[in-house]
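Single-structure report; data block below.
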2 protein chains.
Amino acid sequence: MIRYSKQRECILNYLNSVTCHPNVEKIYTEVKKEIPNISLGTVYRNLNQLAESGKIQKLITGNNAEHYDGRTDLHSHVICRKCGKIEDICTDFSEHIELESISDYSNLSYKLTFYGICPECSREENAKINNS
Amino acid sequence: MIRYSKQRECILNYLNSVTCHPNVEKIYTEVKKEIPNISLGTVYRNLNQLAESGKIQKLITGNNAEHYDGRTDLHSHVICRKCGKIEDICTDFSEHIELESISDYSNLSYKLTFYGICPECSREENAKINNS
DNA sequence: ACTAATAATAGTAATTATTATTGATTGTGA
DNA sequence: TCACAATCAATAATAATTACTATTATTAGT
């Protein structure tokens with residue numbers, strides 16, 4: 001049985017209040033402002049539970065640290081290869097991807113993730129080249 | 001300058017000889033059969049280097065452990081939500097995904113990953129339901 | 001409202017995956 | 001062949017996550 005806790009509510013509220021895709025550390029420090037003695041384990045436990053119950057989304061980014069998204073609708077992300085920043089992609093591809101025909105796995109879903117260099121990192125890169 | 005090492009060659013050979021998508025531990029134990037005193041650090045270092053130089057592909061699966069793929073062409077994977085098994089998907093979607101129009105990031109690429117329940121895990125699931 | 005049952009918590013220890021360090025060894029261009 | 005940087009094995013260190021335990025808080029039933 002799942003019962004209320006103000007810690008979990010606070011975590012969910014935070015994720016719903018931002019458009020970024022924070023990692024656990026960021027979530028921890030933000031929620032700490034509301035509940036100063038919250039424990040990191042509590043944050044992990046509740047994030048997993050919220051993701052399990054579909055109230056938030058766990059993102060797999062490859063930046064060896066879990067990131068979370070308050071949006072639960074199907075959408076894509078673009079991740080910067082340099083700085084690891086994550087942004088939403090609004091274009092919808094679902095009409096092009098017919099899940100049934102893909103494989104013999106059941107309950108199929110998909111994740112479409114883009115990787116690139118964000119404008120800020122591109123600018124830095126160019127500055128470096130011009131200076132050398 | 002990159003120079004030859006039998007350890008790296010052995011790792012690459014192993015990855016090219018299998019169609020599965022092993023994690024570091026599996027690669028380590030397999031390569032150990034050829035080179036018994038190889039060090040785990042060496043496996044990590046060479047996997048990163050091989051991935052960097054594009055000879056193999058690092059997979060981001062969410063099963064908090066890196067997996068690697070000897071295939072370097074653009075293809076998709078399907079991952080079982082239960083047991084974490086990874087398999088190749090042959091269908092090509094690239095014609096549906098126009099990278100340029102996606103975002104203001106440069107050097108864009110994408111990863112399309114499917115999640116589902118594999119036939120084996122489905123069967124287990126059904127057996128469980130029938131027994132209870 | 002009171003209480004018993006137990007889910008959730010804080011704090012901390014343990015685990016797991018990965019990277020860094022170090023000093024010895026080895027491959028390669030000169 | 002020789003000099004030297006790349007690579008190695010072994011091990012220590014770090015980072016991310018999970019597990020443990022005694023305490024606190026929520027909830028269902030009275």
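Letters go in sequence order (proteins before strands), and every chain restarts at 1.
- Straight-line distance from the OH atom of B/Y68 to the P atom of C/dA17: 13 Å, rounded to whole Å.
- Between A/L47 atom CG and C/dT9 atom C1' the separation is 15 Å, expressed in whole Å.
- When each of B/A65 and B/M1 is assigned the nucleotide of DNA chain C with its nearest heavy atom, B/A65 is the one assigned upstream, toward the 5' end.
- Comparing C/dT18, D/dT17, D/dA9 by their closest approach to the side chain of B/T42 singles out D/dA9.
- Close to C/dA8, at under 4.0 Å from its OP1 or OP2, lies no side-chain N or O of A/R45.
- The listed nucleotides are C/dT18, D/dT17, C/dG29; the one nearest the side chain of A/E66 is D/dT17.
- Contact annotation: B/S5 reaches the phosphate of D/dC8 (side-chain N/O to OP1 or OP2, under 4.0 Å).
- In this model, a donor atom of one side chain and an acceptor atom of the other lie less than 3.5 Å apart for B/D88 and B/H75.
- Taking side-chain N and O atoms only, A/N23 has no distance below 4.0 Å to OP1 or OP2 of D/dA16.
- Comparing atom distances between the A/Q7 side chain and each of C/dA10, D/dT17, D/dT26 picks out C/dA10 as nearest.
- The interatomic distance linking A/I38 (CD1) with D/dT24 (P) rounds to 17 Å, in whole Å.
- Within the 4.0 angstrom heavy-atom criterion, no nucleotide atom of any strand lies near A/N63.
- For A/L40 and C/dG11, the CG to C1' distance is 11 Å, given to the nearest whole Å.
- Side-chain contact of A/E66 with A/Y68: a donor-acceptor pair under 3.5 Å is present, judged by distance alone.
- For the pair A/C121/A/K85, no side-chain contact is recorded, criterion being any heavy-atom separation below 4.5 Å from C-beta on.
- Across all strands, A/R8 comes closer than 4.0 Å only to sugar-phosphate atoms, never to a base (heavy-atom distances).
- One can place CD of A/E9 at 21 Å from P of C/dA7, the figure rounded to the nearest angstrom.
- For the pair B/N37 and A/I2, both in contact range of DNA chain D, the more 5′-proximal nearest nucleotide belongs to B/N37.
- Side-chain atoms of B/R3 and base atoms of C/dT26 include a donor and an acceptor less than 3.5 Å apart.
- Among the protein residues, B/Y44 comes within range of the nucleic acid bases, having at least one heavy atom under 4.0 Å from a base atom.
- The residue among A/G41 and B/V24 whose nearest nucleotide of DNA chain C is located toward the 5' end is A/G41.
- Side-chain polar atoms of B/K32 and B/N37 form no donor-acceptor pair below 3.5 angstrom.
- Comparing atom distances between the A/I35 side chain and each of C/dA10, C/dT18, D/dA9 picks out C/dA10 as nearest.
- Contact annotation: the side chain of B/I117 never approaches that of A/Y105 to less than 4.5 Å [non-hydrogen atoms, C-beta and beyond].
- Of the candidate nucleotides C/dA10, D/dC8, C/dT9, C/dT9 has the atom lying nearest to any side-chain atom of A/N46.
- When distances are taken from the side chain of A/S39 to each of C/dT9, C/dG11, D/dC8, the shortest belongs to C/dG11.
- Atom CD1 in B/I11 sits about 9 Å away from atom P in D/dA9, given to the nearest Å.
- With rounding to whole Å, A/N48 atom CG is found 9 Å from D/dT17 atom C1'.
- The side-chain contact (heavy atoms from CB on, under 4.5 Å) with A/R8 is formed by just one residue from the set A/I2, A/V43, A/T42; it is A/I2.
- At whole-Å resolution of the value, CD in B/Q49 and C1' in D/dA6 are 9 Å apart.
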